[in-house]
Amino acid sequence: MNIDKKTQKYDRQLRLWQASGQAALENSKVCLINGTATGCEILKDLVLPGIGSFTVVDKKEVDGADAGISFFLDEDRIGTNRAQAVTELLQELNEDVRGFYLAEDPISLIENRLDYFLQFTIVIATDIPEKPLLKLSEALWNANIPLFIVRTIGFIGYFRIVQPEHTVVETHPDSIMDLRLDVPFPALEQYAKTFDFDSMDNMDHGHIPYVVILLKYLDQWKKDHDGKLPCTSAEKKQFKQIIESGRRNVDEENFAEALANAWRAFTATKVPHQVQEIFNDPACETLTANSSSFWILARAIRDFVANEGQGLLPLAGSVPDMKADTSTYVSLQTIYRQKAKAEIAIVRSHVNKILNSIGRTSDFIHDDEIDSFCKHAAFIQVIRYRSLKEEYISDPKKADIDRWLQDPQDNIVHYVLIRAIDKFYEANNRYPDAATFFIEGDPEEATEESKSEFELLKTYVNILLSEWQITNIPDHLDDYIHEICRAGGSELPNMASLLGGLVSQEVIKLITRQYIPLNNTSIFDGIKSASSTYIL
Amino acid sequence: MMAATLMQTDVPTPEDSDSSKKVWPGRWSHINKILDRRGPFCDKSFSPGHGEDILLNQCRVLVIGAGGLGCEILKNLALSGFKDIEVIDMDTIDVSNLNRQFLFRPADVGSPKAKVAAEFIMKRVAGVKVSYYHGKIQDKDDDYYLGFHLIICGLDSVEARRWINATLVNIAQDDPERIRVLIDGGTEGFKGQARVIIPTVTSCYECSLDMLNKQTAFPICTIANTPRLPEHCIEWASVIQWPKEREGEKMDTDDPTHIQWLYDVALKRAMEFNITGVTYSLTQGVVKNIIPAIASTNAIIAAACCNEAFKIVTTSQPYLNNYMMYIGNEGVYTYTFEHQKKDDCPVCGNQSAFLDVDKEITVEDFIELLKEKPTIQLKKPSLTTDTNEKIYWQSPPFFEQRTRPNLEKRLSELVKDSGTIIVTDSTLPISLNVTVSYV
């Protein structure tokens, strides 16, 4: 077997998202609006792992300031189109990625040719004012295309994910443990019964898998307690003592494992709450020809739980490593795997029934998709996002913002400032930009001009707060108004790069449909070096 | 001879960059907004209008590691206005680096990372000087490290981090003038951390040793007798079969024919035992102890480190005190906190560590205990009493032979109750006092 060049190149990331995630990346088309330093850093971290293609939309001419902060510009490119310049240098990062640019004004594109953006898998907007952003976000929302809104100003970074819904099967939990100790299936029960502990020599006794040890003692316990599991803490303690008394010597690691895992035997196997909620979701209830494979599978699993599963999810089918000799361990593994396989076959029949009822053929959902869904059934996730219109206009999170804002350590203050400078920008066509904070001994001191810049921004902050009916205005807001005036709309290379990393990570999660993405806003404060997440 | 000498020496800028290209109108305008203006969170010592001066002319920074973090760190420093940078790295470029180490291209595979990275940065960012050293950090002495104002580490090795940390703490001992700030970044998959270490003042790398995840080690009897996992079969191929079947030959985990051999042997064993899951990729992962690495996490952690460097040098904002943990697999999560200095830290503490040990414990078992203990984790501990009697020394061979008979003795024969043992390790510049109580 030979490993091809591409597998070698991507080895360190394939260990995180496997070939299926990589294929999704390689089929994706990413659009960046404005080739800012932050935007280029995001693309860098997406071109390197190998997205299919990227397109930069930007009409700006590169100026000295742009060339100073971006690694994907240099002095020679000053005066040229920024989209073209950054595309050339980003393209060099990976020969497997195609780079495109459109030297047009993104805002007029949003106003006149909104459809242009609907060809992409994901759109990332940097440096776009509120009004066009709302328009763009609505169009993408209706087309189910995720939008990332990204801002860096001075030491503050902000980004927001906007899309209607995101579903994940491969959430990558720390471990998938599904042993069914409290409700052993017949084959497992039978297998445990074949072990006669007392007649075993010490070698064999020290290699009984802990699953069997727990099943054996639990079976005995249930017989003695009207079929009930150990419930009170006294009972749990007593159960552990019984296991302990079966241990021949302290060196028996398998008994130590049984004791350490005894809590699993007391924990009832059931459908987790968040999965039950997914089952109850209207999207699971009413399937149509447009339903995604996720919802069809969720429904098939629901039907399985209600019927053959007798209230339980399909078995995950994996067994953790445990002290055992090889053949015992392999037999145990086989028992779990076979049961899982049989259940997958039942789920397949539910899937086919559903597909048939909505007028689709059974090849719409492949077997490996069903395998993976059954294996991860207890960990599936649905995230419903709020639209930008809800956040900005129809349903702002006034009460939450008010509450968070009262804590001087909370990062929500940066959100307030970012929204306020958008209003400032809309009215003045520039960002607040002045030294406004002085102490004795500084070479300069406060002037009328600097005081008025501070007051002007403060006006917009107050307008915003009154729109949100926040009357209790905390003192610490002033410090952050000074800080934003100081930043003057600047992009610092470190913050651009940090946001580039955060945003690209979330883009990768959405494209690969693996791991759990942010919902919905992240703010990084580079002064304190701390981030916060908000649902706004 | 000449070529070899050149490899081992610091290589300065090939040509001093054309000074006319250093500054163009507006080049520093973004950064200067911060440096020319005071903010409410600035340190009192911040002096508006002087930042560029400090960055451009007065600060020498050392970057340790030119890998995933190192490439990012070099780029960030250069764009932030740092002008005098040196980078150390002992590795050469591998094809599996290209998914994140963005200063390297397929044609660079096989070349020294430090050299290619330094040259790329100088080519792209006008006016910055990046010198490089292709070799080990252990090759350099105290004076070398004292020649920098700041040291940023982007390493993937715990050993190298412990070494530089202990070296910088030793240098700073008793003389605050010799304190050199260490900023350390590390990543693993979607997780990472950035921290600021002010030697002798804040907690140091060694203080937090017990926060490291312990590597899974498979018991040799499982590997030999009762394999259950594909990993057990791979370990069998590399630990047991390689020395047996290819005696005397050194295993090179970068050699694909060696990995192929291990894979074939492991697969055969797995089939014998009905174990599934042995793949070429897993074989490589197990024998090379591969840690997943992606561009995005490296970007986040490197930027966090450089942001701290920028704040510390310019005093334009308060800096991190002293630890930021990052977890990115479920949303975006950071935890920023002050990691506490340990009084009994083997490197920066001034107190003995107290250990309760069985009164029957042998010197050999005591040494095993020191290797295993999460707060100590020494590779080759040597023991001396506080009255300077050697208990057991790992090297030089002469002392090793002379003290070897002590291994079987009970520790209590050599050290009285509440006595103190000085523990040293030839691989690290540290010395730890351990006071033992027999129970």
Side-chain angles (χ1 to χ4, degrees), chain A residues 1 3 8-13 15-16 41 44-45 48-49 63-65 68-69 71 74-75 78 93 154-155 172 321 324-326 329-330 435 437-439 442-443 479 482-483 486-488 490-494 497-498 500-502 504-505 515-518 522 526-531 533, chain B residues 21 24-31 33-34 36-41 48-49 72 75-76 79-80 95-96 98-100 102 124 126 189-190 226-229 273-275 280 285 290 292-297 299-300 302-304 306-308 310 317-318 320 324 328-332 334 336:
Chain A
M1 186 175 72
I3 298 283
Q8 281 180 46
K9 179 165 87 175
Y10 294 137
D11 179 80
R12 298 304 184 269
Q13 69 200 40
R15 291 171 195 277
L16 290 174
E41 287 288 329
K44 175 192 89 223
D45 301 337
L48 287 166
D63 63 20
I69 51 167
F71 197 68
D74 56 23
E75 190 183 6
I78 293 174
L93 295 173
F155 288 90
H172 294 267
D321 187 33
D325 61 43
T326 307
Y329 181 76
V330 172
F437 187 86
F438 302 92
I439 61 168
D442 279 347
D479 283 343
H482 282 301
E483 193 59 47
R486 177 196 191 194
S490 62
E491 243 183 318
L492 299 180
N494 293 325
S497 191
L498 200 147
L502 294 178
S504 60
Q505 168 190 288
Y515 299 93
I516 302 171
L518 168 81
S522 172
I527 305 172
K528 294 198 294 267
S529 295
S531 75
T533 297
Chain B
K21 288 192 83 180
W24 56 81
R27 176 170 184 185
W28 302 110
S29 64
H30 283 270
I31 287 166
K33 288 187 201 253
I34 301 298
D36 288 347
R37 299 163 178 178
R38 179 179 295 282
F41 308 105
E72 287 279 346
K75 171 205 68 182
N76 294 341
L79 291 174
S80 298
V95 63
S96 66
L98 301 177
N99 79 326
R100 60 196 187 284
F102 64 96
R124 182 63 60 83
F190 285 104
T226 58
R228 298 177 297 268
L229 303 181
F273 283 94
N274 284 317
I275 295 167
Y280 185 91
I290 290 177
I294 45 175
S296 45
T297 317
I300 295 162
C306 294
N307 187 43
E308 295 312 320
F310 181 82
Q317 295 289 11
L320 172 66
M324 182 189 87
N329 46 349
E330 233 186 288
V332 169
T334 59
T336 304

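Lettering of chains follows the sequences in order, A, B, ..., and the numbering in each one begins at 1.
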Exercise for the section: Show your reasoning for whether side-chain contact (heavy atoms from CB on, under 4.5 Å) applies to B/Phe190 and A/Leu16. Expected result: CA-CA 9 Å; B/Phe190 285 104; A/Leu16 290 174; 4.1 Å; yes
Problem - A/Arg12 side chain reached by B/Pro292 side chain, heavy atoms, under 4.5 Å - result: no
Exercise for the section: Apply side chain to side chain contact (heavy atoms under 4.5 Å, CB included) to B/Asp36 and list each qualifying residue two or more places apart in sequence or on a separate chain. Expected result: B/Asn32
Practice task
For A/Leu492 and B/Ile31, run side-chain contact (heavy atoms from CB on, under 4.5 Å): C-alpha distance rounded to whole Å, both residues' side-chain angles, the deciding distance at 0.1 Å, then the answer.
Solution key: CA-CA 6 Å; A/Leu492 299 180; B/Ile31 287 166; 4.1 Å; yes
Completion exercise
Residue from A/Thr533, A/Thr326, A/Leu518 scoring the most non-hydrogen pairs under 4.5 Å with chain B is A/Thr326
Completion exercise
Honestly, the part of B/Pro25 sitting under 4.5 Å from a heavy atom of chain A is backbone
Exercise for the section: Evaluate side-chain hydrogen bond (donor to acceptor under 3.5 Å, both in side chains) for B/Glu72 paired with A/Ser497, printing each intermediate quantity in order. Expected result: CA-CA 9 Å; B/Glu72 287 279 346; A/Ser497 191; 3.3 Å; yes
Practice task
For the residue pair A/Leu502 and B/Ile300, establish whether any side-chain heavy-atom pair is separated by less than 4.5 Å.
Solution key: yes
Exercise for the section: Would you give the length of the straight line joining atom NZ of A/Lys44 to atom OG of B/Ser296, rounded to the nearest 0.5 angstrom? Expected result: 9.5 Å
Practice task
Assign the ring pair A/Phe155 / B/Phe310 to parallel, tilted or perpendicular, where the plane angle (0 to 90°) is split at 30° and 60°.
Solution key: tilted
Exercise for the section: Check whether any side-chain heavy atom of B/Ile294 sits under 4.5 Å from a side-chain heavy atom of A/Pro49, and report yes or no. Expected result: no
Practice task
Flag the pair B/Ile34 / A/Arg486 as yes when at least one side-chain heavy-atom distance between them is below 4.5 Å, and no otherwise.
Solution key: yes
Practice task
State the CG-CG distance between B/Leu98 and A/Leu48, to the nearest 0.5 angstrom.
Solution key: 9.0 Å
Problem - Salt bridge present between B/Arg37 and A/Glu483 (N-O < 4.0 angstrom) - result: no
Exercise for the section: Start with the C-alpha distance between B/Ile290 and A/Arg15, add both sets of side-chain angles, then the distance that settles side-chain contact (heavy atoms from CB on, under 4.5 Å), and finish with yes or no. Expected result: CA-CA 9 Å; B/Ile290 290 177; A/Arg15 291 171 195 277; 3.5 Å; yes
Problem - Close side-chain approach of B/Pro318 and A/Ile527, heavy atoms under 4.5 Å - result: yes
Fill in the blank from the handout: Distance col, row A/Gln13:CD vs B/Arg100:CZ, nearest 0.5 angstrom, shows 9.0 Å
Practice task
Can you tell which part of B/Ser96 gets under 4.5 Å to a heavy atom of chain A, answering side chain, backbone, both or neither?
Solution key: both
